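Everything on this sheet refers to the single structure shown next.
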Amino acid sequence: MPFFQALKAPVLAAAAAPTLGRPFHQLPADPRALCDLLAGLTSARSLPGGQQLHAHALKSGAVAVPILAHHLITFYSKCQLPRLSHRLFDECPRRATATWSCLISSFAQNELPHLALSAFLGLLRDGHRPNDHIFPSAAKSCAAVSDARLGAAVHSFAVRTGFGSDVFVASSLVDMYAKCGEIVDARRMFDEMPERNIVSWSGMIYGCAQMGLDEEALSLFKMVLLGDGVGIVGGDMGGVNDFTYSCIIRVCSSSTLLELGRQIHGHCVKTSFVSSSFVGSSLISLYSKCGIVEEAYRVFYEMPVRNLGAWNAMLIACAQHGHTRDAFGCFERMKNEGTKPNFITFLCMLSACSHAGLVEDGKRYFKMMEEEHGILPTTEHYATMVDLLGRAGRLPEAVEFIKQMPLEPTESVWGALLTGCRIHGDTETAAFAAARLFELGSKSCGAHMLLSSAYAAAGDFEGAARARKAMKDRGLKKETGLSWVEWDNQVHTFVSGDHHHALRDKMYAKLEELSEEAERAGYVADTSFVPRDLDGEEKKRSIASHSERLAIAFALISLPPGRPIRIMKNLRICGDCHTWIKFVSRCTGRTVIVRDNNRFHRFDGGTCSCGDYW
DNA sequence: GTAGGGTTAG
């Protein structure tokens with residue numbers, strides 16, 4: 001069988017699933033036969049068929065047979081109806097360990113970790129002992145609530161009851177530690193495992209990726225790919241599968257290692273793992289994060305099955321690249337094709353609206369989320385709404401919106417307000433938002449810098465200096481502005497006024513030439529973005545060697561002619577650089593794509609894809 | 001063999 005057929009099938013929409021296809025009275029009476037039928041319906045996620053069988057079993061009394069009850073609990077779990085699993089469990093006259101196991105897994109699989117953990121305690125109170133099926137569900141639930149201490153308790157319990165070396169239990173514990181950010185414990189657990197399988201390796205690689213330990217993730221991946229990893233069992237393909245690939249692609253995307261990502265994409269094509277929706281989703285994210293949104297679309301369109309993750313990855317790509325109409329269309333198609341949006345989907349939609357300044361559309365999606373989809377907005381949804389209102393200059397409305405929040409505003413909510421204030425130079429609201437941030441104990445330098453920029457944008461350089469001094473007094477250091485560009489399998493990084501690069505002389509000569517050309521075409525330096533009270537010439541000089549300009553100069557002298565230039569940046573692109581790059585794109589005829597800390601800007605022939613709204 | 005470990009955002 002080809003690999004892609006062996007990969008997991010997506011959850012089918014209930015409405016499209018087949019029914020039993022035979023009249024009710026023809027169903028077998030024998031519980032065993034019913035179990036076999038139900039197993040088929042479960043793997044097809046056929047809700048109507050299973051419900052029909054359930055009704056029949058209730059009538060005939062077969063539902064009292066434990067094994068059929070277990071099957072039914074599992075059936076509802078896989079149909080993502082954990083409440084119905086719970087009801088069946090309650091109706092069971094006698095509860096075996098397996099009955100508890102089915103219930104716990106139903107909760108764990110359906111993102112109800114608290115219920116899963118309380119059911120785990122219920123099982124213990126009821127005098128049962130957890131087994132190799134139950135420990136993984138418990139570990140998964142600890143991971144979901146990121147409670148490493150509880151997880152460690154589950155771990156020591158598993159060791160004491162003799163399940164500490166079980167490959168399923170240990171893999172789930174590796175994953176639990178990694179998800180809780182305890183990467184050292186995860187690695188110790190992993191190293192001590194007497195036998196490992198694909199999931200243990202993938203979990204460990206994923207954990208490293210999550211913690212930003214790219215080198216370690218890549219070296220583990222190499223080990224497992226070449227079969228160097230001792231103790232790999234039950235794996236073909238040198239112990240990798242679609243999930244391992246999607247983990248390693250994620251490493252590439254978080255560090256924007258495009259060339260390595262492309263190579264791995266090639267591997268996925270050769271092995272047919274590219275048909276997996278996991279791999280597809282991470283490839284979409286890779287290309288989007290590396291600034292090649294066309295390639296992201298291509299991967300998306302070529303995917304044979306698209307799950308929720310794939311739709312969300314595509315929506316995020318649309319949002320980040322300012323393809324707002326595509327995001328709206330994608331959202332409709334997703335619903336029409338039977339995929340239910342989740343909270344991430346709505347974060348994408350709100351962020352798409354924010355990038356385009358579409359306040360009314362954003363409000364519409366925000367309302368729709370709860371009213372039509374029953375998804376309660378989280379603080380992150382509120383933060384994105386505040387971002388949308390603030391960027392659009394509707395700061396009083398944003399403040400009002402925060403006041404009416406049913407949840408306690410978080411750092412990101414106040415941070416979003418502050419971002420809006422910076423853009424529109426509203427120093428009063430900025431001071432208010434910053435005060436709330438400091439009350440929450442914000443230790444990031446971001447708040448101080450945003451406040452300082454808000455003052456600078458309003459022309460109040462004393463205020464700006466005060467904000468920066470307050471930051472210094474607290475022992476915080478400003479995040480250094482960096483720009484980087486990948487070329488010849490190397491990442492070239494630049495800071496403002498950088499003189500470290502081997503090609504510095506050529507770079508500065510190119511910079512000079514570009515600036516002259518831009519000025520001839522009408523570019524006038526706008527120094528109002530410099531948050532320091534320097535004299536005019538000094539300001540101009542400081543702006544003229546911003547890191548993104550150095551990166552562009554480097555790319556122009558290094559990359560082959562005509563090749564689009566892709567720059568990554570850790571801070572927001574400054575207003576003057578934005579104008580300058582527009583001129584450069586027109587004078588040189590080159591496409592320049594800049595990713596700042598929030599979105600992508602694609603400069604072509606003198607205009608930017610953000611429409612100057614960012 | 002009815003029950004178990006993995007994705008997608010910023």
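Letters A, B, ... are given to chains in the order of the sequence lines, protein chains preceding strands, and every chain is numbered from 1. In this text the structure is predicted, and so the values were computed from the model without any measurement.
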Just the rounded figure in Å: distance from P of dA9(B) to CD1 of Ile249(A). 12 Å

Please confirm whether the shortest side-chain N or O distance from Ser285(A) to OP1 or OP2 of dA9(B) is below 4.0 Å. yes

Taking atom P of dG5(B) as reference, at what distance in whole Å does atom CD1 of Ile104(A) sit? 12 Å

May I ask you to say what Ser282(A) touches in the nucleic acid, namely base, sugar-phosphate or nothing, with a heavy-atom cut-off under 4.0 Å? nothing

To the nearest angstrom, how far is Arg196(A) atom CZ from dG5(B) atom P? 21 Å

Before we go on, tell me: are the rings of Tyr177(A) and His155(A) under 6.0 Å apart, centre to centre? yes

Contact class for Asp132(A) vs. all strands (heavy atom < 4.0 Å): base, sugar-phosphate, or nothing? base

Nucleotide nearest Ile67(A) (side chain, heavy atoms from C-beta), chosen from dG6(B), dT2(B), dG4(B): dT2(B)

Could you check how far CD1 of Ile248(A) sits from P of dT7(B), rounded to whole Å? 14 Å

Starting from the C-alpha separation in whole Å, work towards a yes-or-no answer on ring-ring contact (aromatic ring centres under 6.0 Å, His included) for Trp614(A) and His601(A). CA-CA 9 Å; Trp614(A) 84 102; His601(A) 299 260; 5.7 Å; yes

I want to check one thing: is the phosphate of dA3(B), taken as OP1 and OP2, less than 4.0 Å away from some side-chain N or O of Lys140(A)? no

Could you state the NE2-C1' distance from His321(A) to dA9(B), rounded to the nearest angstrom? 13 Å

Give a yes/no on whether any side-chain N or O of Ser105(A) is located under 4.0 angstrom from OP1 or OP2 of dG4(B). yes

Rounded to whole angstroms, how far apart are OH on Tyr287(A) and C1' on dA9(B)? 20 Å

Donor-acceptor pair under 3.5 Å: do we get one between Ser171(A)'s side chain and the base of dG5(B)? yes

Decide if the gap between the ring center of Phe221(A) and the ring center of Trp201(A) is smaller than 6.0 angstrom. no

Under a 3.5 Å distance rule, please check whether Asn110(A) uses its side chain to pair with a backbone N or O of Leu112(A) as donor and acceptor. no

Considering only side-chain heavy atoms of His133(A), which listed nucleotide, dT7(B), dT2(B), dG4(B), is closest? dG4(B)

For His373(A), is the NE2 atom crowded, meaning more than 12 foreign heavy atoms sit under 6.0 Å from it? yes

Name the residue closer to the 5' end of DNA chain B, choosing between Glu111(A) and Ser200(A) according to the nucleotide with the nearest heavy atom. Ser200(A)

Is a donor-acceptor pair below 3.5 Å formed from side chain His71(A) to base dT2(B), judging by atom type as modelled? no

If only side-chain N and O atoms of Lys78(A) are considered, is one of them under 4.0 Å from the OP1 or OP2 phosphate oxygen of dT2(B)? no

Just call it for Asn131(A): base, sugar-phosphate, or nothing, with non-hydrogen atoms closer than 4.0 Å on any strand. base

With a 6.0 Å cut-off on ring centres, are Trp311(A) and Phe331(A) close enough? no

Considering every strand and a 4.0 Å limit on heavy-atom distances, what is the contact class for Phe168(A): base, sugar-phosphate, or nothing? base

Here the distance between atom P of dG6(B) and atom CG of Asp175(A), to the nearest Å, is 5 Å

What's Ala313(A) touching, base or sugar-phosphate or nothing? Going by heavy atoms closer than 4.0 Å. nothing

Aromatic ring proximity His86(A)/Tyr76(A), centre distance under 6.0 Å: no

Starting from P on dT7(B), measure out to CG on Asn241(A) and report it in whole angstrom. 12 Å

Check each residue of residues 343-350 of chain A for a non-hydrogen atom within less than 4.0 Å of any atom in DNA chain B, then write out the ones that pass by number, or none. Ile344(A), Leu347(A)

Are the aromatic ring centres of Tyr287(A) and Tyr297(A) under 6.0 angstrom apart? no

Closest to the side chain of Thr74(A), out of dA9(B), dT2(B), dG6(B), is dT2(B)

